[in-house]
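Reminder, nothing fancy here: chain letters follow the sequence lines and each chain counts from 1.
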2 protein chains.
Amino acid sequence: MPTDITPQKAQDILHAYISKNGLKVSRQREVIAEVFLQAGGHLKIDELLERARKLDERISQATVYRTMKLLAECGLAESRTFHDGFTRYELADGHEEHHDHLICTSCGIIVEFMDDAIEARQEAVAKKNGFDLRHHRMELYGHCRKCRE
Amino acid sequence: MPTDITPQKAQDILHAYISKNGLKVSRQREVIAEVFLQAGGHLKIDELLERARKLDERISQATVYRTMKLLAECGLAESRTFHDGFTRYELADGHEEHHDHLICTSCGIIVEFMDDAIEARQEAVAKKNGFDLRHHRMELYGHCRKCRE
DNA sequence: TTTGATGCAAAGGATTTGCATGAAT
DNA sequence: ATTCATGCAAATCCTTTGCATCAAA
């Protein structure tokens, strides 16, 4: 079940992490966090940078990288790398329901899905092979309905 | 069912591809193909390079990159990128039975597996979302039995 | 004031590519 | 003889980092 995290709660988590670790709140961090939280996932660094710059002209790419790392550290963001080689960030599991991805290799659209049967079998497969399963990555690639028309 | 491809058959496929495309056979290509075929998968470029150099001192990294691309083009090899960021090559599906991977995040061991139930559900999930499934990537990460002891 | 954050540009690490040279046809 | 392949080093691409400067606490 999605924790239904609000941008406000997320900012609280970020601020808590910041003060707990003796870091500082900055305009850049707030803007980048805001942009990320509102976007709803799967954004590449340059997409985040572009959106952040609409709110604040003087945000650098390096700061986006650094801030997304920070958001990942405090548990709000999670990085993913699909076949195109770009790192993307999305809301972290735990704050959002766990899911995997369907990706259209033609238009690039990314659809999230979750299948309990698959999750259960993954656990079973891991156990059968003597593994203690920690996390997984599953991406299905194909052509979406629109692109087949 | 594994096509049980022999190194000989693979070399034939490579040679057919080479002559069909007006390319040339070279000592380097034969050595790299041999090393790759005998290794049985999941090798990084520098591992392939190291092994190739045992057979022929003067093989360059660039040639390994180029040759593995060639092997992928002619359908013998397939590249994979796991979480560690390195590209690895393995025998391509179609020449080997399709499979996915279990990876120990402690010692790095990679175990192949195949689960029909998961494959079937993946098809179902794709269809349900209007996708025509072409391929997928599934990696399960955890700790293997040895590393837990 | 003190210390962390930022921007910029330089540095990194994996992979690719340009070019003169060497090998295959 | 041609034409492709190779080795080398320079160039790319994404990401990280060093450092002087700026801003939060």
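The separation between A:Arg27 atom CZ and D:dA24 atom P is 11 Å, rounded to whole Å. Atom-to-atom, CD1 of B:Ile18 to C1' of D:dT6 comes out at 14 Å; the value is rounded to the nearest Å. In this structure, B:Leu48 places its CG atom 15 Å from C1' of C:dA14, rounding to the nearest Å. In this entry the distance linking OH of B:Tyr89 with C1' of C:dA14 reads 12 Å, nearest Å. Atom pair B:Glu73:CD and C:dT16:P shows a separation of 12 Å (rounding to whole Å applied). Taking atom CE of B:Met68 as the reference point, atom P of C:dT15 lies 12 Å away to the nearest angstrom. Atoms CG (B:Leu49) and P (C:dA14) sit 13 Å apart, rounded to a whole Å. Between the CG atom of A:Leu23 and the P atom of C:dT6 there is a distance of 10 Å, rounded to whole Å.
For the OP1/OP2 pair of C:dT16 and a distance below 4.0 Å, the side-chain nitrogens and oxygens of B:Tyr65 include no atom meeting the criterion. Contact check, A:Arg29 against C:dA5: a side-chain N or O comes under 4.0 Å of OP1 or OP2. The phosphate of D:dT15 has neither OP1 nor OP2 within less than 4.0 Å of any side-chain N or O from A:Lys69. Under 4.0 angstrom from either OP1 or OP2 of C:dT15 there lies at least one side-chain N or O belonging to B:Thr87. Remark: B:Arg66 is not in phosphate contact with D:dT6, judged by side-chain N or O atoms under 4.0 Å from OP1 or OP2. The side chain of A:Lys24 contributes no N or O atom lying less than 4.0 Å from OP1 or OP2 of D:dC22.
A salt bridge does not link B:Arg88 to B:Glu90: none of the charged nitrogens lies less than 4.0 Å from a carboxylate oxygen.
Residue whose closest nucleotide on DNA chain C sits further toward the 5' end, between A:Val25 and A:Arg53: A:Val25.
Donor-acceptor pairing under 3.5 Å is recorded for the side chains of A:His15 and A:Glu30.
Each ring pair (Phe, Tyr, Trp, His ring centres under 6.0 Å) pair with one or both residues in residues 26-48 of chain B, not counting sequence neighbours, appears once here: B:His42-B:His101.
Taking the ring centroids of A:His98 and A:His136, they lie under the 6.0 Å cut-off.
Checked by atom type and distance alone, the side chain of B:Asp84 pairs as donor or acceptor with a backbone atom of B:Phe86 at under 3.5 Å.
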